Amino acid sequence: MITERHSVCPLDCPDTCSLTVTVDDDRIVAIKGSHANPYTAGVLCAKVPAAYPSFVHGERRIRTPLRRRGERGAGSFERISWDEALETIYERFTAIIAAHGPQAILPLNYAGPHGFLSGGSMDLRFFYRLGASLLDRRPLCGGIRTEAWVGTFGTVPGMRPEQAEHARLIVAWGNNVTWSNLHLMPVINRARKQGARLVVVDPRRTTVARQADLHIALRPGTDVALAWAVAAEVERRGALDRDFIARHVDGFEDYMALARRYSVAKAAETCGIPEEQVRTLAEWYASISPAAISVGNGLERNQNGGSGIRAVFALPALAGKFGVPGGGLINGAGFAFPKTPARLQRPDLVPAGTRTLNIIDVGAHLLDERLSPPIKAVFVYNHNPVVVHPDQNRLIRGLSREDLFVVGSDVAMTDTMAYADLVLPAASHFEHADLYAAYGQHWLQRAEPVITRQAEALPNTEIFRRLAARFGFSDPIFRATDAELMDDAVDPSDVRLGGVGPSAIPTDRAMAMTSNGEEFTLFKNVFPNTKSGKVQLASPYLEEKYRARLPRFLPVESGYPLTLISPASDQRVTSTFGGVNGSHTPPLEMHPDDAHQRGLRDGMSVRVWNDLGEVHLPLRVTDVVPRGVISSLKGAWLSTSDNGQTVSALCPSHHADISEGACFNDARVEVAAHPS
Ligand code: SF4
């Protein structure tokens with residue numbers, strides 16, 4: 001019988017669409033957008049509708065527990081029972097704990113699904129109680145932007161994206177809206193119909209950049225210089241909001257002393273753009289209100305990432321853009337929800353003194369013979385690190401250690417699962433209930449399973465419930481049901497829930513997160529909750545955590561001449577669907593002048609290399625990228641490669657200025673013809 005059921009897309013994407021899933025005889029046969037979430041309003045990206053049925057029912061689906069029987073990475077496994085799998089984990093972990101202590105075990109989890117339950121609930125309770133090493137996941141992506149926000153405004157929500165409809169100037173800064181934040185596009189279009197101007201700041205001429213009134217194709221990593229120059233130019237034009245600054249801004253003089261060092265000419269030279277573009281952005285920002293800025297993750301992926309974002313965040317505070325619908329920053333959506341992670345995840349279970357490892361350093365730690373205790377086991381779930389971590393070759397060398405016990409859990413067989421000793425079949429989000437916040441919009445959603453669990457797949461909550469039972473963790477928190485976990489995930493007594501228990505939120509309509517029925521508007525009904533209650537352009541929080549009281553600019557030093565960026569793909573969500581969509585090798589985009597200088601022609605196979613690795617890609621000669629910048633889309637799986645390396649192999653693993661974040665766009669490389 002064919003039925004239509006409500007669900008939610010949980011992938012690592014700011015939009016978190018509501019879905020209508022067509023099910024025929026317990027099989028997903030079609031996916032379309034639903035109107036349960038008014039923001040996503042029946043529209044989906046092109047990545048999802050065709051991919052989901054194959055993702056859930058296709059040949060890569062992991063249906064039973066598996067044990068490796070060939071070489072690591074070869075992907076050869078035999079079927080085992082759940083009892084055998086859980087017993088093996090128990091025995092191996094127990095032996096490792098006896099020899100090295102529990103911190104020799106590392107959970108390696110990221111953001112595959114974004115539901116509260118699948119993303120971090122019973123799993124964390126288990127690892128916290130076990131005493132395993134802690135993993136700081138945020139540096140891989142998004143952590144820099146979040147820390148910049150918290151360090152400047154505190155843990156408060158910014159503008160919800162729908163409000164940008166009221167803006168007369170919209171700046172999409174490092175945000176490829178049409179590929180990575182799709183539902184902002186109709187909002188922008190409605191604003192433009194009312195006369196709004198659109199500015200796009202992005203090294204690449206994306207689809208939204210082609211539609212913009214002004215596209216600033218700056219050099220990757222130089223955003224801070226552009227934002228400083230705009231601030232200084234706004235001041236020179238007498239457009240600072242002195243009254244707002246006096247009442248609501250800390251660190252103004254120290255901040256402006258930095259910004260004033262960047263004249264229009266100096267910023268233009270640093271960013272590799274015409275002076276006129278800096279002036280135009282400053283003139284428009286000084287004179288047009290309401291003005292909304294949407295900050296994407298594009299500008300955080302470099303060693304100046306936090307500084308660039310903080311300098312952009314400073315602009316509305318300096319020019320007095322807050323307090324009205326459509327004015328300010330589309331950011332901080334995650335803080336619109338009354339989350340209660342202490343109840344859901346129970347960090348109080350963590351033994352005192354437990355170490356925390358940065359996710360982007362895992363490859364180095366796996367190979368570090370002096371690490372004490374050494375990592376002897378990793379449990380990979382919600383993650384495909386072989387494809388998405390910087391310095392891919394180092395991570396693969398680490399996972400290839402024969403003395404390392406690797407457990408993997410996933411919906412589909414990925415490049416990383418191929419390195420596991422044991423693979424567990426995870427249920428897809430269509431097979432279990434979950435509760436969904438978002439990081440790009442202000443709607444809370446819940447979903448029930450739309451199909452039964454496929455074969456022997458289990459949701460993360462049940463996998464870790466069973467593991468907790470096997471390890472003898474008898475506290476009732478390890479037997480909590482999924483409904484009880486939902487009720488622990490957000491505060492049921494918060495006014496935003498209107499008396500509805502989290503586990504009883506209807507699945508056919510999303511719940512708006514508002515301030516007493518009014519949408520959040522910074523400096524109208526919500527205010528910074530920094531220590532001073534002000535916007536902190538000089539940030540004590542960031543000083544204490546990262547010695548980064550103020551933004552700074554450091555150029556990348558390298559002997560390699562070309563900057564390689566690896567932006568999000570229109571085929572995959574990070575790496576998800578790499579085994580379904582986009583199995584072709586992504587091209588390398590290069591400006592015609594750079595290609596000519598190297599004697600390269602469109603369509604040739606080229607080798608791209610630096611000291612970390614070498615990747616072979618088909619060349620696309622195009623002026624969508626500026627001179628000196630080359631681009632290839634991230635997230636392609638190893639099957640697209642003829643030598644087992646993708647662009648992640650070329651990305652360095654040093655840390656950004658805050659959040660110890662990843663610096664993918666600091667990759668510097670050379671390119672030459674590759675005889676294929
Ligand atoms: S990936 Fe993003 S835009 Fe696409 S369906 Fe999922 S939430 Fe919506």
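Everything quoted here is computed from the prediction, not taken from an experiment. Note that ligands are numbered from 1 as they come in the structure, with each ligand's atoms numbered from 1 the same way.
Protein heavy atom nearest atom 6 (Fe) of ligand 1, with residue, atom name and distance: Cys9 SG, 2.3 Å. Atom 5 (S) of ligand 1 has its closest protein heavy atom at Val48 CG2, 3.5 Å. Nearest non-hydrogen protein atom to atom 8 (Fe) of ligand 1 is Cys17 SG, 2.2 Å. In this structure, the protein non-hydrogen atom closest to atom 2 (Fe) of ligand 1 is Cys13 SG, 2.3 Å.
The residue Leu19 has no part lying near ligand 1, judged by heavy-atom distances below 4.0 Å. Under 4.0 Å from ligand 1, not a single heavy atom of Leu182 appears.
Of the charged side-chain nitrogens involved, none lies within less than 4.0 Å of a carboxylate oxygen, so that Arg453 and Glu431 do not count as a salt-bridged pair. Salt bridge status for Arg138 with Asp136: present, with a side-chain N to carboxylate O gap under 4.0 Å. Classification of Arg190 and Glu165 as a salt-bridged pair holds, one side-chain N sitting under 4.0 Å from a carboxylate O.
Every atom of ligand 1 with a heavy atom of Thr16 under 4.0 Å away is listed here by number and element: 7 (S).
Taking a 6.0 Å sphere around NZ of Lys32, one finds it holds 12 or fewer heavy atoms contributed by other residues, nucleotides or ligands.
The distance from atom 2 (Fe) of ligand 1 to the nearest N/O/S atom of Cys45 is not under 2.8 Å.
Contact record, Ala196 with Asp213: O-OD2, 4.3 Å, taken as the closest heavy-atom pair.
No side-chain heavy atom of Val177 sits under 4.5 Å from any side-chain heavy atom of Leu182.
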